Amino acid sequence: MSTATEKSELKIEGVVESAQNPETSTTAEDAERKILEESRKAGITAFTFDPDASPEEKKRQARAAIPEGFSSKRPHGVSIVTDVGDDKAPTADLPPPTTEGAIELKRDEEGNVVDDDGASDGEKPFERTGWAPRLGWPVEVSTESLLDHSTWLESNIPDAFYGDWYHNAAIIVFACISSWLVAVLGGGLGWVFILMAVCSTYYRTSIRRVRRNFRDDINRELSLKKLETDQESLEWINSFLVKFWPIYQPVLAQTIINVVDQVLSSATPAFLDSLKLKTFTLGSKPPRMEHVKTYPKAEDDIVIMDWKFSFTPNDTADMTARQMRNKINPKVVLEIRVGKAMISKGLDVIVENMAFSGLMRLKVKLQVPFPHVEKIEMCFLERPTIDYVCKPLGGEKFGFDINFIPGLESFILEQIHGNLEPMMYAPNVFPIEVAKMLAGTPVDQAIGVVAVTLHGARGLKNSDRFSGETDPYAVISLNKRQELARTKHIRDTSSPRWNETHYIIVTSYNDTLDIQVFDYNDFRKHKELGMASFPLERIEELNVYENEQLEVIADGKGRGMVSADIRFFPVLGPTKLEDGTEEPPPESNTGILRFTVERAKDLDYSKSLIGQLNPYAILHLNGRDVHHTKKLKRTNNPIWEDGSKEMLITDRKNAKLGVTIKDDRDLAGDQVVGKYQIKLEDILEYTENGQEWFQLSGVPTGRVKMKAQWKPVAISGVLSGTGGYITPVGVMRFHFKGARDLRNFEALGKSDPYVRVLLSGLEKARTVTHLNTLDPDWDEVLYVPVHSNREKLILDVMDAEKLGKDRSLGHVQIATGDFVSQDENGEYLVHDKKDYREAGLRLHGKGIAKGILIYNAAFYPCLNVADPEEEEDEEKQDENNAAEETSESPVARSAAAGKFNATLDKPQSEAEPTSPKSPITPTVGKPPNDLPSPPKVHLFPEQLLKYESGLLIFKLMEAEMPESNTQIEVWVDDMAFPSYTSSAAKHRKHKFDEIGDCVIREIDFSRLTLKVREKGHAVEGREKDKENTIAKLQGNTLDTLKQCLNNPTTLKLRDRDGRPCCVKISLKYIPLKMKLDPSESINNMGNLRLDVLDAENLPSADRNGKSDPYCKFELNGEEVYKTKVQKKTLHPVWNEFFEIPIPSRTAANFKVVVWDYDFADKPDFLGGADINLEQLDPFKPSETRLTLDGKSGSIRLRMLFRPAYVARTRQGTSTFSGTFAVPGRIVTGVAGAPVKAVGVVGSGVGGIVRNIFSRDKKDDDGTTTSYDTPTITENGHELKHSSTLGPIPDGDESPVSTRPTTANPGATNGAATLGHIGHNRSRSIGASSVYSTNPPSPGSGLATLTVVSASGYPPSSQLYVVLSQLTPKVKTIGKTAHHKDPSGAVTFNETFKWVCTPDTQFKIVVRGDKTFRSDEEFGEGLYVVDETGAAADTEVKVGSGTVVVRSTFSPSGESSSIHDSPKSSIRRGFLSKRESKSREGTPS
């Protein structure tokens, strides 16, 4: 007979086999439905999912089936300290960090580790527990057992052939037919007996199995009924306890002694000297389980059992004679010491012969997550029976049992029951949170750290109108549970400013960060004003929320606002690989640390009068006190339960942990018992190896048990600091070609994609944004430093949003291990195959790929250059460890190593240096991984700077900012985004201590820029960048590196208002084993000056046999310049020129097209030609005649290419040039006339200029144009010679808008290098300069413009004049004050100064101020500065009136004093000093 469950299983197996059989009509869907139906009937949760559903939908469906309460009770959070310390905090006097105190592990003869934690105070192990752990007691053992007898047939033929009716019928038919065959064939009786034996054996076996199955089914059904009414015996567990108790009782007793001793020591009343357990044993007879009763009809997640137990060690009825002789009674001896110190007496209170029995109900609540048991609730269903012997006086011999006193026994029992009844007598229950106990510490379950910066609050309201002004403070908690952090209270204000940062370990995104605001009261309870909440699920996608305004709510009403910054630093966990193995997390210098001082032994008690101490421990981080343990009484071997502290470490390499153990004394000062300090990396290594004991320093005896637990965390921004930096092993080079068929999340239009590279969840680099396209062509190269071959990089394609955060369109994950490798000597190998990859983009790394990212990747290792600072530290360490023999350095280093002087000797060789080989230098500690460490290379500074490409590491030490709440940005070359952004300086004087890096491609021509900007998000455009930039300093990387190499230097800047500020910085340079791609060289980009000279033999397009030709020049499909029309000629002469930035000569598609102008018709094509820019030699004018591809004709051009970095824009459109500024804004002049002219804005020059500079509204929306248009400078045939070739800096351009001028130190207006170094270097072709035969634009100087007066405008208007620069860029210089005159003639006499060229055009706009509507514009006109020096008044026609302007122009040599620079013909280089005192030497 089969049960319902077995039938269900057979049905499921049958339908599965049927679905697997291709000959049946059963489908997989039918089998799935059947399995689902049968599973639900059996009460088993089963799911069926839509295969196309997202993981989030499947997760929601699974969660919906989980009963309420099936949740893991994990630790929810804890407040931690950080090593970013306060400089004002006191530091402890600790010995230098050392590992000499580490105690080797004791091992036995077999090599096993011996733990001596049990021994203390010189006592023997387990002296106070009754006996040491042993195996068994001397008892008689019975060896009898029952055997199951079975036949051979029964054990070899399956059960499936027995039991049903057709089996029995078949055997009868078989017997009959076989008998008939025996008779027919003439067989004898022997065959009949054989046949009878076979059939009877089968029948016997069948009947036995049927009976057994029947009996099992009956027993199972009866057992279910019996569980509800009867009780089960537990003799099996009693038999187990008899053998297990001799082993476990001493360990249990020792644990209880250790715990209770510390509790009694910390809770000793003031009138007693100490409380201490002298003896604790539960006896040799184990507890006994009498019976158990279960309740099978409880809920699915509840198990209920009633246990009857007894602990009667004095009941000897079931004990043998030998057991009685070896019997040990339960006994507890508590020593109560009365008095103080030496004048004290110990009294023993003895409790023995305890007996206990009762009926207890256990209710076990289950859960789905591990450990699958959420909690156990226990209660006594009836009052337990308690018996004992208590002797408070007289000791063991003369003690008197107080239970003999009449009435006292019942009184004590009533007191016991009265205390236990509200705790665990039914219906009250005592809960045991199993899940919380097994979940571990918050560090074990941590998903990250939340840094909460509470700036303050405003508008706080108190519901109590009579309580006066509030004294608010804030309390931080998770889900309004335990208080984790608290701010200081501010007196008498409703808008407090706290400006405090607290760090919280979080274990779940489902929690809520609650900020409760209280009103502080001196004598009564503090009143809660309200609470502001922040759901932590928001930090899962966006890790930083700055200036969050959280509403304080009380009783459903708003009570004010709290301003806070919330930053999340995620934990770096292991990565699960495809083969199921886990890859450990990448090494990180930042993380969460749990430092534990567990106990101490053999403390030095020589300074104690009574020979015993009252010890407590102080935990230190980098010398600062971070935690105090509880103070224990009268013990030289303390165990601290609260000896752990969580910390946020930003510099694991330099962090030091320490402990100070002191003796608490009431009147005298606390005496130091011992100290110890060790580096964090060393204690982590010891903890991993199991070495946790350390000898205290400076004392004859005493040791302490310490351990550390570490979890790496990705930290950036406010805490990234110096400690968050690890020197990279190399850089990854990514060339992002483009993407195809991207996702489109826009309701209107298309996505605006860009690519960012993430390392440990932090953005390291990004491309520019392309607007309104699903098939962008970035063709952009990015460099990302990497630190090991275990790191994972994520290439995330993002959709830029104007409102809200950017959205991911999918990402690709690559492992650095595919590119980073080492040879047998530890040298990292170059990987530069640069094979293009087409990777599918997946959202969150899952689901179906949508879109393809086209890119290639390469790895270039860094030279392992010896760091002078690290070598100095090693030398100091060697001096401290004088006892150890120091090995002699294999390479002799100069005394000047690590210092850079402005007068370096010339290098002996001009050739490109090769990577020198050097022996491996000794290293301290073990390497971070199993791979060998690459050998160190020693280079002098002049050798170091001969490497063309390298990694520039900069350390921002401190700064004096022009404004508060600003940050420093470091820009390099042509990058569109800063290579590093510092944390925000809350005050003008700020200490950063932060380290960043950037890749230098060509050190000879590289440009660096320091910008002081207002704190904010990433810059979206050049104009916004200028608005937010407060101060800037820029120039050559090489010259700056010579001054700041391993040498802290103070750099001075001036902001836009002339206020001084300074930044203290130090630089390092690590060469790269990289051969720069020619397309990235500065010789491939720069400014092209093109002179359109003339054309010959053009075809005729008009009836008169002539043409009206003009030229159009196109770069990558975009028109960049158009010449003037030459009327009625086949041999036109233009003599025009223009300048245009060329981002890549190799990728440039540059062409000229000649058209015939028709007034009323479309222009006719006369011919075109491609212009090859690759053949141009830098700084060498080249004149060429190009044959047009029309009917006939040729055109003559002159070109001069000047290499320079071309600034990238944030919104590109196509190919490599798409990431740069595409020309399009043109200033034209009338043919045959100079551009310098003043005229009426209407037709001709003014009309064209106004039409060009008035932007279309569509351009502002970004829907029609997807690029920024830079300035293209143009001039007519009347040209002036200039002493410089580079574009004129205006102080607001990008750091790469000017050409590097290291090759022209003698130019009077060129940028002279900062302290020219007297050694030679192999120059590339871009380092030389040759003037063109056609001279370039004039040099720069200082223009002084005075707006004298205005007339001819309505007398009732409040007039003001706006003065703007038109070329080379549109900039507003200033505007006058508002004036009103009844006569209509207004006098201003306001002067403006501006750095420009003498041919710069200015626009004058006259407006009338309106209070309640937009200002009225009366007209605009053009003006060019007067460089004759006459300073005469000039009338400029502006609209219906006239503006009188006076101007003068001073060349750059005369204007230098305006900018507070020395009067010299040589301009200062990048980051140069104005005074020698701004340079600070390296601190000794």
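Just so it is clear, the model here is predicted, and its values are computed rather than measured. Side chains included, hydrogens not; waters and symmetry mates left out as well; all remaining heavy atoms used.
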Should the pair [X]-[Y] be classified as a salt bridge under the 4.0 Å nitrogen-to-oxygen rule?
X: Lys1151; Y: Glu1114; value: no
X: Arg1007; Y: Glu1002; value: no
X: Asp1004; Y: Lys946; value: no

Can you find a pair of side-chain heavy atoms, one from [X] and one from [Y], that are under 4.5 Å apart?
X: Glu1080; Y: Val781; value: yes
X: Ser1006; Y: Val972; value: yes
X: Trp971; Y: Glu969; value: yes
X: Leu952; Y: Asp997; value: no
X: Leu1090; Y: Phe1138; value: yes
X: Leu1072; Y: Val999; value: yes
X: Ile1142; Y: Leu1115; value: yes
X: Tyr1121; Y: Ile1140; value: no

Please check: side-chain N/O of [X] versus main-chain N/O of [Y], any donor-acceptor pairing under 3.5 Å?
X: Asp1091; Y: Leu1093; result: no
X: Glu1119; Y: Lys1112; result: no
X: Thr1123; Y: Cys1111; result: yes
X: Arg1001; Y: Ile1082; result: no
X: Thr767; Y: Val755; result: yes
X: Thr1040; Y: Asn1036; result: yes
X: Ser1081; Y: Asn1084; result: no
X: Thr1049; Y: Asn1047; result: yes

From [X] atom [atom1] to [Y] atom [atom2], the distance as rounded to the nearest 0.5 Å:
X: Ile1000; Y: Leu1041; atom1: CD1; atom2: CG; result: 8.5 Å
X: Arg1198; Y: Glu1183; atom1: CZ; atom2: CD; result: 5.0 Å
X: Leu1176; Y: Met1199; atom1: CG; atom2: CE; result: 5.0 Å
X: Leu1067; Y: Asn1046; atom1: CG; atom2: CG; result: 9.0 Å
X: Leu945; Y: Lys1042; atom1: CG; atom2: NZ; result: 7.0 Å
X: Asn1135; Y: Asp1094; atom1: CG; atom2: CG; result: 7.5 Å

Heavy atoms only: give me the nearest [X]-[Y] pair and the separation to one decimal.
X: Asn1083; Y: Pro1178; answer: OD1-CG, 4.3 Å
X: Phe1201; Y: Gly1086; answer: CZ-N, 3.6 Å
X: Asn1172; Y: Gln1175; answer: ND2-NE2, 3.3 Å

Please report the C-alpha distance between Tyr836 and Tyr855 in whole Å, then the side-chain angles of each, then the deciding distance to 0.1 Å, and finally whether the side chain to side chain contact (heavy atoms under 4.5 Å, CB included) criterion is met. CA-CA 5 Å; Tyr836 280 100; Tyr855 72 98; 5.9 Å; no
Could you walk me through whether Asp1077 and His735 pass the side chain to side chain donor-acceptor pair (under 3.5 Å) test, one step at a time? CA-CA 11 Å; Asp1077 192 275; His735 182 194; over 6 Å; no
Hey, mind stepping through Ile953 and Ile1070 against side chain to side chain contact (heavy atoms under 4.5 Å, CB included) and telling me if it holds? CA-CA 8 Å; Ile953 302 175; Ile1070 302 178; 3.5 Å; yes
Hey, would you say the Phe954 and Tyr980 ring centroids sit under 6.0 Å apart? yes
Within the 6.0 Å centroid threshold, strictly below: Tyr947 and Tyr1069: no
With Arg1089 as the cation and Phe1137 as the aromatic partner, state whether NZ or CZ is under 6.0 Å from the six-membered ring centre and within 45° of the axis. yes
Kindly check if the number of other-residue, nucleotide or ligand heavy atoms within 6.0 Å of NZ (Lys1075) is above 12? no
Name the orientation class of the two ring planes belonging to His770 and Trp778 (parallel below 30°, tilted from 30 to 60°, perpendicular beyond 60°). perpendicular
